[in-house]
2 protein chains.
Amino acid sequence: MGQGSTARAVSEHVSDWITEGRLLPGAKVSDTAVATELEVSRNTVREAFRLLAHDGLLVHEFNRGVFVPLVTSADVRDVYRLRRVIEPAVVRSLSAADVHRLGPLQAAVGAARTASRRRDWPGVGTANMHFHRSLVALAGSPRLDVMMRRLTAELRLLFAVIDDPRFLYQPFVKRNRELLALMAKGRFEEGAGFLEAYLVDSEGAIVAAFEEKEQSA
Amino acid sequence: MGQGSTARAVSEHVSDWITEGRLLPGAKVSDTAVATELEVSRNTVREAFRLLAHDGLLVHEFNRGVFVPLVTSADVRDVYRLRRVIEPAVVRSLSAADVHRLGPLQAAVGAARTASRRRDWPGVGTANMHFHRSLVALAGSPRLDVMMRRLTAELRLLFAVIDDPRFLYQPFVKRNRELLALMAKGRFEEGAGFLEAYLVDSEGAIVAAFEEKEQSA
DNA sequence: GCATATTTGTCCGTATGTATA
DNA sequence: CTATACATACGGACAAATATG
């Protein structure tokens, strides 16, 4: 039974299916089908679905079933509107004492660089998300952490639609490093402004890729 | 089966029990007990618990059970830290076109005034929460709405601990009205600053009441 | 529009594992 | 350490709602 709950293991599976593109946005996810495939009880699968719905990776419509959410460019804009409010505010709220707590950010930047050298673009994507999650974690707010976890989960959903994420991530590996350097010097106000411009550019790139997709569809 | 799901009906019941003080913070909520009392299945109760945990009104610890969260003054500060980031940012993001969309805020202010005259302090509290939820709704962000719903749900949890919420709400009925007046004139930047000071004072009052409670306990 | 088949929501009883007295 | 209580997980079952022919 592993170390966690079975329901959590099932949720990991389904989560992977979404990021791997096996489950496309809008697809219905049948609890019985998942139950037979993973050889667990239907009740357990339903529990797993609740966990995923909690993070926004599935939506539950009463008496109709659970579905992979349909994401549009409007959703991209909404997610980034929140990021632009939250992340710079976190950087601005830091003080000199926090300079010595940047370890996780350093690690994420390093992971992004090695993944980039290996042309492992999904790896770059996960490292990027670790960077931003660790950044928000610096605020020390449990509620902000769960909000950011939900947002990054939705970002995974967004990126699953885009087939070639290389040009979306690669430019931002460098900017993560630059932001980290500013923070390490305690220049938080400057870093917050840098991050704001960063997020605006990132949103623009993703929205563009998205609307291109929407055209073709 | 009613109009919604039975699970939702059960969640409403338990939610009421918490606000009514029948379930105190830290209390364990047994699924079997709730199931027998409301005459529904344990499975359905567990579903209801998931819904409530999603809004932060219950916490789920693996292999231990479900509990009403223990709230401390640190939680009060955390909730208000988020409110101070989110709410002023919303006000700042508004434009002249939004002046004609303040109807729900007007209604909430009116409800607060009549409830205050009737010395219906819980009524004042709910009107106050409607005011702030409607304020955030002006941003037109679905994700921000669910975040705010979660925060207001937790505020209900906080206020359930305080027996006399009169002096906590009464001073802010007037300030809600003043903030609304500023927004109606399109003075959003000024309103954002006003709201920030407002939230600082509100936090101070609630933290004080809370630490008084913690002393006696 | 109707009858049918599928799916979902809900329930029960039980077995197994985990935490706590 | 043992024993008790409890939580997780299972599989089967049925009614209601939905989708399908």
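Quick caveat: nothing in here was measured; it's all calculated off a predicted structure. Every heavy atom of this structure was used, including side-chain atoms; hydrogens, water molecules and symmetry mates were not. Order of the sequence lines sets the chain letters (A, B, ...), proteins ahead of strands, with each chain counted from 1.
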What nucleotide among D:dT8, C:dT8, D:dC10 has an atom nearest to a side-chain atom of B:His60? D:dT8
With sequence neighbours excluded, what pairs up with B:Arg84 under the side-chain contact (heavy atoms from CB on, under 4.5 Å) test? B:Tyr80, B:Arg81, B:Leu199, B:Val200, B:Glu203
Could you tell me the separation between the CZ atom of A:Phe62 and the P atom of D:dA16, rounded to a whole number of Å? 13 Å
Would you call B:Glu37 and B:Arg42 a salt bridge, taking side-chain N to carboxylate O under 4.0 Å as the test? no
Measure CD/B:Glu61 against P/D:dC6 and give the value in whole Å, please. 16 Å
D:dA9 P sits how many Å from A:Leu38 CG, rounded? 14 Å
Please report, rounded to the nearest Å, how far the C1' atom of C:dT10 is from the CZ atom of B:Arg8. 16 Å
Is the phosphate of D:dA7 approached by B:Arg46 (side-chain N or O, under 4.0 Å from OP1 or OP2)? no
Atom CD of A:Glu47 and atom C1' of C:dT10: how far apart are they, to the nearest Å? 15 Å
Which nucleotide in D:dC6, C:dT10, C:dT18 has an atom nearest any side-chain atom of B:Asn63: C:dT18
A:Arg64 near the nucleic acid: base, sugar-phosphate alone, or nothing, with a heavy-atom cut-off under 4.0 Å? sugar-phosphate
Send over the distance from A:Arg42 CZ to D:dG12 P, rounded to a whole Å. 12 Å
Per A:Asn43 side chain, nearest of listed nucleotides C:dT8, D:dG11, C:dG9: D:dG11
Start at the 5' end of DNA chain D and walk down; is the nucleotide closest to A:Thr44 or to B:Asp31 reached first? B:Asp31
Do the two ring centres, one from A:His132 and one from A:Tyr198, sit under 6.0 Å apart? yes
Salt-bridge test for A:Arg133 and A:Asp145: reply yes if a basic N is under 4.0 Å from a carboxylate O, no otherwise. no
Separation of D:dT8 C1' from B:Phe49 CZ (nearest whole Å): 15 Å
